[in-house]
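We name chains A, B, ... by the order of the sequence lines, and we start the count at 1 in each one. Computed from a predicted model, the values in this text were never measured in an experiment.
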Amino acid sequence: MDLIMANRDLIDHLRNLGLVAQVSAEDALADHLNSGSRTVYCGFDPTSDSLHVGNLVPLLALRRFQLAGHRPILLVGGATGMIGDPGGKTEERKLNPADLVQGYVEKIRVQASRFLDFECEAIAAIVVDNFEWTAGMTVINFLRDVGKHFSVNAMVQKESVRRRLEDDGSGISYTEFSYMVLQSYDYVVLNRRYDCTIQIGGSDQWGNITSGMDLIRRMEGGQAFAMTFPLITKSDGSKFGKSEEGTVWLDDKKTSPYTFYQFWFNCADEDVIPYIKIFTFFDDVEMARMRAAHEQDPGMRVAHIALAKSVTELVHGETGLTAALRITDALFSNKLDKLSEADLGQLALDGLPCHKVNDDEAGLIDLLVATGLSVTPRGEVTAGQARKFIKSNAISVNGQKVSDEETKLSRNTALYGRYHVLQRGKKNHVLVQWI
RNA sequence: GGAGGGGUUCCCGAGUGGCCAAAGGGAUCAGACUGUAAAUCUGACGCGUAAGCUUCGGUGGUUCGACUCCACCCCCCUCCA
């Protein structure tokens, strides 16, 4: 691996990318990073069977550290994931069963691994699971060896805890209150085993990370550092990482490369440059070029396309990107009728949502229900909503608006006798396949 | 354990016997404009083509009629022990 940034001040570099919210002892950390190859860790709690785009921020940050010549440790929270982090949440979480969490751990371990280099000798990435050293610990040992170092007075002062205490209607359980202690202990263990001296995470992790720093000082007598990234924001204030279908996952079974590509392509104008900095690895020159092009004519979507392509390829590889581009081109260039039979077949293979009909004729309303296109704002799929969509001029078949609720589709009206492209609104398509 | 305050449609939040499928806001979806953007404007927003049906923590009750009154139960919050 090239140590392309080894001679550059990593902190400044990250700051330029908009990746630094808080840093502990910045001058000391800068020296620390410049004077040798260090070990840095970031934790991921297994709250689902896949990571999502929000997790890309710390994941790629770890990669940046590795590119700069440091060793990344990816910690999967098999133990902490069973507790639930009070940070960033306004109310108590549900606890997941142990075997479920362990299943998540395995998935996430595999998924996250592709973003880091495990081959390079000196600074090969490491994946660990805190379940390993937490599960066997007895309550007595935990309280005597670890808990003793924590002042409840200090813990109560932490933002994540304080918010839950002050906010009427939520409260916090002892279980979640203890999360910070476990995470702090993780840092100690990694510090002992791997000489890990830097922990990074989202800014909501600041309290947990600094608490771990303190614990290292108390238990090990050494200095450790903390760095956090700002929360990724959207210009309209809504939560980052959701598309119309919900969370944008990294797993291509849960979010197709096409949907993934569209997610980035559709980001707001004001967000595209910040996102390019955070989620891509373009160099300064390219970055400047895209910014100029974007500012000159945002309508051309130069930056959007570059962002979407780059991240899609990073996560889904060249094959995934190609598939995403094929579908995008077919659906958004008003050339539906010009597609060949093979093209249409390819769209299904590429991951365009597809619905098979084994009949000669089907009512449009029934199809809208069957394909799930007629979702209500509440998330239910109903015939009434299908009617409303048709009435409000939102439905197209093969690129033609349909206004008659009683419309029936059959093989006769299908492209090549086999395909209909159903469209709701501007961006929702389903391929109907007659078999 | 004691005292008090609460649980309303996805969220916040009005509603204290019929005019309530339930104000208002947010979120969401669609239409128009545009650039597969933002802002803005318009419409939809429990289910049903409709008649109608099912909702306001739960269960019973009072009443011609309850989200609104009564009883019991469950859950949450605050303070005290």
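Nucleotides A21(B) and A66(B), compared at atom P, are 12 Å apart to the nearest Å. With both ends at atom C1', the span from C47(B) to U42(B) equals 25 Å, rounded to whole Å. When the C1' atom is used for both G24(B) and C64(B), the distance is 32 Å, rounded to whole Å. Rounded to a whole angstrom, the distance from the P atom of A23(B) to that of U8(B) is 15 Å. Only the C1' atoms considered, U28(B) is 15 Å distant from G46(B), to the nearest whole Å. Using atom C1' as the reference point in both G31(B) and A14(B), the two lie 30 Å apart (nearest Å). U62(B) and A50(B): their C1' atoms are spaced 35 Å apart (whole Å). Rounded to whole Å, the P atom of C72(B) lies 14 Å from the corresponding atom of G4(B).
The cationic group of R326(A) does not satisfy the cation-pi geometry with Y258(A), failing either the under 6.0 Å distance to the six-membered ring centre or the 45° limit from the ring axis.
Between U36(B) and R301(A), no contact under 4.0 Å exists linking OP1 or OP2 to a side-chain N or O.
Using the six-membered ring where Trp is involved, Y174(A) and F177(A) have ring planes that are tilted, between 30° and 60° apart.
Distance CZ (R424(A)) to C1' (C45(B)): 13 Å, rounded to an integer number of Å. Rounded to whole Å, the distance from NZ on K388(A) to P on G46(B) is 7 Å. The interatomic distance linking N266(A) (CG) with G35(B) (P) rounds to 15 Å, in whole Å. One can place CG of D271(A) at 10 Å from P of A38(B), the figure rounded to the nearest angstrom. When rounded to the nearest whole Å, the span between CG of N393(A) and C1' of A44(B) equals 14 Å. With rounding to whole Å, H304(A) atom NE2 is found 12 Å from U36(B) atom P. Rounded to whole Å, the distance from CG on L373(A) to P on A30(B) is 10 Å. Rounded to an integer number of Å, the gap from CG of L307(A) to C1' of U36(B) is 14 Å.
Residues H294(A) and D269(A) are in side-chain contact: their nearest non-hydrogen atoms beyond the backbone lie under 4.5 Å apart.
Residue Q262(A) places a side-chain atom within donor-acceptor reach of the base of U36(B), judged by atom type and a 3.5 Å distance cut-off alone. A donor-acceptor contact under 3.5 Å links the side chain of K426(A) to the base of U34(B). For D297(A) and G35(B), a side-chain-to-base donor-acceptor distance below 3.5 Å is absent, hydrogens and geometry of angles not being considered.
Between the side chain of Y187(A) and the backbone N or O of Q199(A), at least one donor-acceptor pair lies under 3.5 Å. D49(A) places no side-chain N or O within 3.5 Å of a backbone atom of Y104(A) that could act as its donor or acceptor partner.
Base pairing analysis places C41(B) opposite G31(B); the two distances defining the Watson-Crick or G-U wobble pair are each below 3.5 Å. Of all nucleotides present, only G2(B) satisfies the Watson-Crick or G-U wobble test against C79(B), with each distance under 3.5 Å. A 3.5 Å limit on both hydrogen-bonding distances identifies C47(B) as the Watson-Crick or G-U partner of G52(B). The partner of U36(B) cannot be assigned: no Watson-Crick or G-U wobble pair with both contacts below 3.5 Å exists in any strand. Remark: C69(B) base-pairs with G61(B). Criterion, Watson-Crick or G-U wobble with two distances under 3.5 Å. The nucleotide G24(B) finds its pairing partner in C12(B), both defining distances of the Watson-Crick or G-U wobble pair being shorter than 3.5 Å.
Toward the 5' end of RNA chain B, the nearer of the two residues G425(A) and E380(A), judged by each one's closest nucleotide, is G425(A). The nearest heavy atom of RNA chain B to M300(A) and to A383(A) marks one nucleotide each, and the one closer to the 5' end goes with M300(A).
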Is there a side-chain contact (heavy atoms from CB on, under 4.5 Å) between L10(A) and F65(A) once you walk through the steps?
CA-CA 8 Å; L10(A) 181 60; F65(A) 270 91; 3.5 Å; yes
I would like to know whether N398(A) and Y419(A) meet side-chain contact (heavy atoms from CB on, under 4.5 Å); could you show each step before the answer?
CA-CA 9 Å; N398(A) 290 341; Y419(A) 300 107; over 6 Å; no
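Using a 4.0 Å heavy-atom distance criterion, K401(A) is classed as a sugar-phosphate-only contact. T328(A) comes within 4.0 angstrom of a nucleotide base, judged by non-hydrogen atoms across all strands. Residue F332(A) is in base contact, counting any heavy-atom pair closer than 4.0 Å across all strands shown.
Considering only side-chain atoms of A268(A), the nucleotide from G35(B), A37(B), U36(B) that sits closest is A37(B). If you check U28(B), C29(B), G35(B) against the side chain of P377(A), the one that comes closest is U28(B).
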